[in-house]
Structure formats: C-alpha cells, structure tokens
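These notes concern the structure reproduced below.
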Amino acid sequence: MSMIDVKGIHKHYKKDANVVRALDDVSLAIDRGQFVAILGPSGSGKSTLLNVLGLLDRSDKGTYHLDGRDVSSFSADELAAIRNDKVGFVFQSFHLMPKTPAIENVELPLIYSDRSDLAGLAMKALDRVGLADRASHIPSELSGGQQQRVAIARALVNTPDLILADEPTGNLDSQSGLEIMEILQSLNGEGATVVLVTHDPELARMASRRVDIVDGRIARDEIIDERRDARAALGALVGA
Ligand SMILES: Nc1ncnc2c1ncn2[C@@H]1O[C@H](COP(=O)(O)OP(=O)(O)OP(=O)(O)O)[C@@H](O)[C@H]1O
Ligand SMILES: [Mg+2]
C-alpha cells in the first residue's frame with residue numbers, strides 16, 4: 001500500500017471568465033520512504049499539489065488515500081489533527097514568527113499535541129539541524145540558511161512521517177541550499193517520506209524519484225538511478 005495515493009484530482013480556479021486548471025487529472029502514488037522531487041515551470045501547479053498532499057487544501061474532484069484512509073471526506077478538524085501528527089511543512093520564505101526566539105518557533109507544533117517537555121523536544125530538533133547554540137536568537141538574528149534550518153526543526157519536532165518542502169532552498173545561496181538538502185536526505189534516510197518542490201534539476205537528482213508537472217498534469221515520472229549525495233556535493237563546494 002502506498003503512503004500517498006491520489007487519483008484523478010482536479011483543482012480549478014474560476015477567475016472572471018477564465019478557468020485556471022491548476023491541477024488537471026493528477027494521479028500519483030508515493031511509497032513510504034521515497035524522496036520525490038517535483039519540478040515544473042512557474043504556475044504549473046506544484047504548490048497546489050503539495051498543499052493538497054499536505055491536507056492544507058482540498059481538490060475539487062478525485063480521491064486521496066493517505067496511509068490507506070480516504071481523507072477526501074474528512075472534516076477540517078480531522079484533517080488538522082492528521083496534519084499535525086503526520087506532516088511537516090517547509091516553505092521557501094521560512095514562515096517563522098519574527099519576534100520569537102528560535103526555540104519557541106520550533107515548539108509551536110507541539111502546543112497542539114499532548115507532549116510534555118516542549119523545550120526539551122524543541123532543543124533536540126534544533127540540535128538535529130546544528131543550531132542548538134542559536135536557540136535564543138530571533139529570526140532577524142539568524143542567516144537565511146539558519147532560519148530555514150529552524151523551519152526544518154519546527155517541521156521535524158513532531159517526528160512526522162511526511163515532510164513537504166516547497167522550494168526550501170529558493171531563497172538561499174548554494175551552500176545553504178546544500179545544507180538543507182543534506183538534512184532532508186538524512187531525514188529521508190531515517191525513514192521520513194519527503195516531497196520536495198524545486199526549480200533546480202541538480203537538487204532534484206538528490207531525490208529518489210523525479211516528477212515533472214506541466215500545466216497541471218504529470219508530464220514525466222522517473223526513478224533516479226544515480227542519486228547525488230548532498231553531503232558530498234556540499235564537501236566539494238566548501239572544499240573548492
Ligand atoms: N487562489 C487562487 N486563485 C486563482 N488562481 C490560483 C490560485 N492559486 C493558484 N492559482 C493559479 O494556479 C496555477 C498553479 O499555481 P501554483 O502556485 O500551484 O504554481 P507553482 O507551480 O507552485 O508555481 P511557482 O513555481 O511559481 O511557485 C497558477 O496558474 C496560479 O496562477
Ligand atoms: Mg509554487
């Protein structure tokens with residue numbers, strides 16, 4: 001059974017007399033443990049697809065089974081509960097609370113869980129992304145790459161099965177971008193399923209599968225045989 005199984009999903013936006021077919025009959029199955037890179041031109045539907053997969057948005061048509069459960073019929077509250085439990089999001093523009101220390105940004109998803117020791121768990125997540133020594137810094141006191149690592153710590157603090165990253169390296173220099181890719185690859189190595197939207201074909205080669213979207217449809221879907229290693233690429237860059 002695939003972890004993610006969407007069939008025939010459509011997402012159309014009506015604007016004046018026009019209809020934008022953001023997703024147009026997309027079917028996609030993703031197995032647990034896969035690392036899928038999604039590529040495509042601007043406006044092709046990548047973010048729309050990621051938002052549907054992450055239960056932030058619903059499709060107009062089609063079915064979605066997540067871990068065998070038909071989530072298309074779930075209520076908003078049920079979706080929020082699953083999202084909080086299973087899914088970690090990372091966005092291009094970090095989405096951190098600006099006046100709040102890193103550690104409290106990371107604690108946020110835990111506030112809705114029944115865990116205790118929020119600070120301890122948040123510290124562990126910050127340590128995982130190499131930022132234990134920046135826990136008290138607010139976002140403006142961190143570099144872009146560090147802010148994105150805080151966002152990843154926030155995404156992984158709930159130990160989600162599924163990590164969805166929408167152009168997480170889009171605002172970063174190449175070294176910081178590779179550091180993010182290294183973290184995503186190692187989380188994937190520990191069992192997380194990762195879906196990454198990127199414009200960069202070189203970064204896509206670090207995934208285990210590449211899916212291309214054009215005009216809201218899947219144009220290409222292939223397994224990556226010779227997967228690039230983010231750590232090695234980072235070493236080559238830093239060593240150069
Ligand atoms: N709320 C909305 N109302 C109307 N049209 C929308 C809305 N959201 C997205 N669209 C349209 O749907 C299409 C797909 O948008 P989407 O954000 O998924 O593209 P994308 O592939 O993520 O692009 P980019 O690479 O620029 O981020 C676009 O043509 C966009 O203009
Ligand atoms: Mg987008």
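Note that the structure is predicted; figures quoted are calculated from it, not measured.
Residue pairs meeting the side chain to side chain donor-acceptor pair (under 3.5 Å) criterion with at least one member in residues 40-53, sequence neighbours excluded: Ser47-Asp166. Sequence neighbours left out, the pairs with a member in residues 71-90 that pass salt bridge (Lys or Arg N to Asp or Glu O under 4.0 Å) are Asp67-Lys86, Lys86-Asp161. Contacts classified as side chain to side chain donor-acceptor pair (under 3.5 Å) and involving residues 117-127 (residues at least two apart or in different chains) are not found.
Residues satisfying the side chain to side chain donor-acceptor pair (under 3.5 Å) criterion with Glu182, sequence neighbours excluded, are Arg231. Residues that satisfy the side chain to side chain donor-acceptor pair (under 3.5 Å) test with His199, not counting sequence neighbours, are Glu167. The salt bridge (charged side-chain N to carboxylate O under 4.0 Å, His left out) test applied to Arg134 returns no partner, not counting sequence neighbours. Evaluation of the side chain to side chain donor-acceptor pair (under 3.5 Å) rule for Asn158 yields no partner, not counting sequence neighbours. A search for salt bridge (charged side-chain N to carboxylate O under 4.0 Å, His left out) contacts involving Arg154 returns nothing, not counting sequence neighbours. Checked against salt bridge (charged side-chain N to carboxylate O under 4.0 Å, His left out), Arg58 has no partners two or more places apart in sequence or in another chain. With sequence neighbours excluded, the residues that form a salt bridge (charged side-chain N to carboxylate O under 4.0 Å, His left out) with Glu222 are Arg220. Legend: residues meeting side chain to side chain donor-acceptor pair (under 3.5 Å) with Gln185, ordered by chain and number and at least two apart, are absent.
Of all heavy-atom pairs between Val129 and Ile152, the closest is CG1-CG2, 4.1 Å.
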Would you tabulate the side-chain donor-acceptor contacts of residues 13-27 under 3.5 Å, counting partners in other chains and residues two or more places apart, or write 'none'?
| residue | atom | partner | partner atom | Å |
| --- | --- | --- | --- | --- |
| Asp24 | OD2 | Arg217 | NH1 | 3.2 |
| Ser27 | OG | Gly8 | N | 2.8 |

(request) List the steps and the verdict of side-chain contact (heavy atoms from CB on, under 4.5 Å) for Leu203 and Leu178. (result) CA-CA 8 Å; Leu203 295 187; Leu178 285 174; 4.0 Å; yes
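Checked by atom type and distance alone, the side chain of Arg227 pairs as donor or acceptor with a backbone atom of Met206 at under 3.5 Å.
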